[in-house]
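Quick caveat: nothing in here was measured; it's all calculated off a predicted structure.
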Amino acid sequence: MHCYVVTAHRASCAQLSVRGSFTGPNDTNLIVAKGSRLVVYTATQESLQPVLDTGVYGRIAAIELYRVAGAERDSLYILTERLKFCIVEYDSTTGELITKAMGDVQDSVGKAVDGGPIAHIDPEKRMIGFLLYDGLFKVIPIDTRNGQLREAFNIRLEELQVLDVQFLYGYAQPTIVLLYQDPKELRHLKTYQVSTKDKDFIAGPWSQTGVEIGATMIIPVPTPIGGCILLGEQTISYLNGDKGDTKTIHMDITVIRAWGKIDEDGRRYLLGDHLGQLYVLVLEFDGNKVLGLKLDTLGETSSAKTITYLDSGVVFIGSCFGDSQLIRLHPDKDENDSNIEVLESFTNLGPIQDFCVVDLERQGQGQVVTCSGTLKDGSLRVVRNGIGINEQAAVELPGIKGLWSLRESIEAQYDKYLIQSFVNETRVLEIADEELSETEIDGFDHNAQTIFCSNVLGDCLLQITEVSLRLVSTKSKQLLKEWFPPNGERITVAGGNVQQVVLTSGKRTLIYLDVSNGDITEVKRVEMDQEIACLNLNPLGEKSDHGKSNFVAVGHWNLSLSMLRLPSLEVVCTETIGGDAIPRSLLLVTLEGVDYLLCALGDGYLFTFTIDASTAQIGERKKISLGTHPMILSKFMSRGATHVFAASDRPTVIYSNNRKLLFSNVNLKEVTQMAPFNSEGFPDSLAIATETSLRIGVIDDIQKLHIRTVYLREQPRCC
């Protein structure tokens, strides 16, 4: 037996983030490290546009952007938890990363630091400093002329329990500041200068003993202010031994987990604590002397792991404890006493405390329910392998038997009308000024059930009812032509495209009509051997919306399928389905250059056949169960690709990947009808009818896990 592992959901915990000009000299990029993945975004005023999502061979422990002399763009330094590092640049031609340098900073002996690897680049780009093992500080010098890395060396540290280390600004020699704890569990600050010539430390310019026992993080302050900020649980202190400056403010007890610099001169910083409170810390200074500190609360976000200020008040809050967020800071507080507006949220499943697999919808499809998040970010996440529908509008409207979208003219870019068929009537919704309102098309028979409806060539609208076939002008909305079946018989089944219509009169009479150019012409009429249950004459080909079909597929009550040639209605081939359920819906469709005939049965099974578009011969046959109720098949476009929607008690999207048919469930309980509805107010949307309502929504990415969140505002433990 062979086992394999596949990732169903990529890492979503945002551990690290940096801002810079990585993809271009004028770009503002946000780079986020998520486990072993690196995601590059381009920041706009309202959102983040993904540029690159790539994997790294190892879990990322540190990232930092820096620019070598003479370069127009930033380079990215990456360190993994296994102490492998690389320096990469972005190739705008290929859209991929180029490795400029790589190496291994692991030593054969040494005790790894408890808090995980720490790596920083000197502000003047003279070296990379690492704290990897207790009692050792590793240095990789950088040639400031060309950015080349030189041979690494270790420096012995007297301080064994180092909690944080940073490079300081404004010194001729690279200078680090350490926050460490002594054997008596007291905490202190100490500075060292790094001599690349002697490969050793030189006594630093200043030190500070006996800082707050809860101090955990150091923020280096850029010149001209200089010095550093020390973050504790009860106090925040500014220290600069060169100038003898020490300023401290007290705050309510909390644990600061992340910080982000707002201004390049270091006068304002964002701080995030474990409860999700976001603060702004302001250094009040005169010239280069700090006069005091000021701390204000901005509002509540997800509990931050990393904070990156982008531009114009837009901030990225990366979280490992809840959803990451893109927020905007406003100068004035809102009604909730907050300066924060959430622009976008990025779903994060972790950390997962517990999970179980259940069939919530009682549809035979297992869903994973996870206990996710911590503290106030705790939630239940319902994860299913399917496609989400982002609902944009909904109305209670029971009893819809058919659904079609129409355009104002066949060349129009957007759909304007949504036709709904009921048992004894037809209703029309019109979109105007981004609002849907009920209207009437004068040439339509609104007191009859519509069997088929579409735009046709000649700027006409086609309506087929049980009684007649009607052509209506798109300009005047008046009836142009009407055709009646012979001998007063009823139309039972109908299908068509922009030029052709095939319908059944009575039970076995099959009639082919041409409806192009504003006229209705009966071309051929034949008597079939079996009663007709369904038919379809969708033109095959990737771009066939205005094309003409050479064949019509017909499903019979005797559980068989036939392919008939047009215009002669000559039977080309017949395929027996077998079983007990009759065909209820047929669809001829081309997916990734492969022509298919799809046949949906009344018991929820779907047959897929490959088909030869030139001869209409039916090829490879497969069968799959998609539900338990009858299905209706409809074609739609999503992000430039053709897909098929199977409406049933378990609605499914059928699509092709690598010329293979795949099936993804939709996050709706039951769908009776679907029509694509690409209107100006609802672009790239679908109109979906259920037993009780009509919904309009945008479909998520195909083959994407759908995650539904139930916020608890507390930490779930088990499920």
Side-chain angles (χ1 to χ4, degrees), residues 115 161-166 168-169 177-182 184-191 206-222 225-263 265-307 309 315 317 319 321 327 329 331-333 336-340 374-376:
Q161 194 171 350
V162 178
L163 305 176
D164 197 12
V165 59
Q166 293 282 353
L168 292 177
Y169 289 82
V177 57
L178 303 174
L179 171 64
Y180 69 96
Q181 183 170 292
D182 64 17
K184 296 181 180 180
E185 297 187 351
L186 299 177
R187 298 187 180 185
H188 317 279
L189 281 179
K190 193 171 185 179
T191 60
W206 57 271
S207 62
Q208 180 72 44
T209 60
V211 299
E212 187 200 323
I213 197 169
T216 55
M217 303 177 75
I218 301 171
I219 302 176
V221 179
I225 303 173
C228 68
I229 297 169
L230 184 64
L231 303 177
E233 294 180 351
Q234 302 180 63
T235 62
I236 298 176
S237 301
Y238 169 78
L239 303 106
N240 191 338
D242 288 345
K243 302 175 183 177
D245 281 354
T246 301
K247 304 294 180 183
T248 301
I249 58 170
H250 293 267
M251 60 180 179
D252 294 336
I253 296 177
T254 188
V255 179
I256 302 296
R257 281 180 167 165
W259 62 272
K261 183 174 65 176
I262 297 178
D263 305 304
D265 61 4
R267 71 178 67 189
R268 293 183 300 169
Y269 296 88
L270 294 171
L271 309 178
D273 69 7
H274 68 298
L275 298 175
Q277 292 296 316
L278 187 66
Y279 308 90
V280 60
L281 175 67
V282 181
L283 302 187
E284 299 174 333
F285 66 97
D286 181 15
N288 59 0
K289 183 177 179 61
V290 174
L291 304 177
L293 306 177
K294 183 180 179 182
L295 185 69
D296 289 326
T297 303
L298 298 176
E300 186 178 279
T301 66
S302 297
S303 183
K305 178 69 174 177
T306 176
I307 298 175
Y309 183 86
V315 182
I317 306 293
S319 180
F321 316 101
I327 65 171
L329 301 178
D332 301 319
K333 292 188 178 293
N336 298 319
D337 197 32
S338 173
N339 299 85
I340 296 172
T374 60
L375 301 177
K376 75 172 188 64

Enumerate the side chain to side chain donor-acceptor pair (under 3.5 Å) contacts for residues 292-302, please, sequence neighbours excluded, ordered by first and then second residue.
E300-R713
Closest heavy-atom contact between T248 and S237?
OG1-OG, 3.0 Å
Those residues at least two apart in sequence (or on a different chain) that pass ring-ring contact (aromatic ring centres under 6.0 Å, His included) with H274 are none
Heavy-atom nearest pair, A258 first then A304, reads CB-O, 3.9 Å
Holding to ring-ring contact (aromatic ring centres under 6.0 Å, His included), I want the full list of residues that pass it with Y238, two or more places apart in sequence or in another chain.
none
From L178 CG over to Q166 CD, what is the distance, rounded to the nearest 0.5 angstrom?
10.5 Å
Give the minimum heavy-atom separation between K289 and D245, together with the two atoms involved.
NZ-OD1, 3.0 Å
Do H250 side-chain atoms and T235 backbone N/O form a donor-acceptor pair below 3.5 Å?
no
Any side-chain heavy-atom pair of L278 and L329 under 4.5 Å:
yes
When rounded to the nearest 0.5 angstrom, what is the spacing between CG in N339 and CG in D337?
8.0 Å
More than 12 heavy atoms of other residues, nucleotides or ligands under 6.0 Å from NZ of K376: is that the case?
yes
How far does CD of Q208 sit from OG1 of T246, to the nearest 0.5 angstrom?
5.0 Å
Could you pull out all residues at least two apart from D265 that satisfy salt bridge (Lys or Arg N to Asp or Glu O under 4.0 Å)?
R267
So which atom in Y309 and which in K261 form the shortest heavy-atom distance, rounded to 0.1 Å?
CB-O, 3.5 Å
Can you confirm whether V221 sits close enough to V290 that some side-chain heavy atom of one is under 4.5 Å from a side-chain heavy atom of the other?
no
Got L189 and I218 here, is their nearest side-chain heavy-atom distance under 4.5 Å?
yes
Nearest 0.5 Å, please: how far is CZ in R257 from CG in L271?
14.5 Å
Once you round to the nearest 0.5 Å, how far does CG of L275 lie from CG of D252?
10.5 Å
Pairwise side-chain contact, L293 with I229, heavy-atom cut-off 4.5 Å (strictly under)
no
Atom CD in E212, atom CG in L179: separation rounded to 0.5 Å?
10.5 Å
Using the ring of each side chain (for Trp, its six-membered ring), is W259 parallel, tilted or perpendicular to Y269, with breaks at 30° and 60°?
perpendicular
Closest non-hydrogen atom pair between W206 and C228, with its separation
CH2-SG, 3.8 Å
Taking only residues at least two apart or on different chains, which pairs with a member in residues 268-286 satisfy salt bridge (charged side-chain N to carboxylate O under 4.0 Å, His left out)?
D263-R268
Please say whether more than 12 non-hydrogen atoms of neighbouring residues, nucleotides or ligands are located less than 6.0 Å from CG in N336.
yes
Would you say the side chain of L298 lies within less than 4.5 Å of the side chain of L270, judging by non-hydrogen atoms?
yes
Under the side chain to side chain contact (heavy atoms under 4.5 Å, CB included) rule, collect the residues that match up with Q181, sequence neighbours excluded.
Q161, E185, R187
State, yes or no, whether a side-chain contact exists between I317 and I307 at a heavy-atom distance under 4.5 Å.
yes
Between L163 and A215 the two heavy atoms that sit nearest each other are CD1-O, 4.0 Å
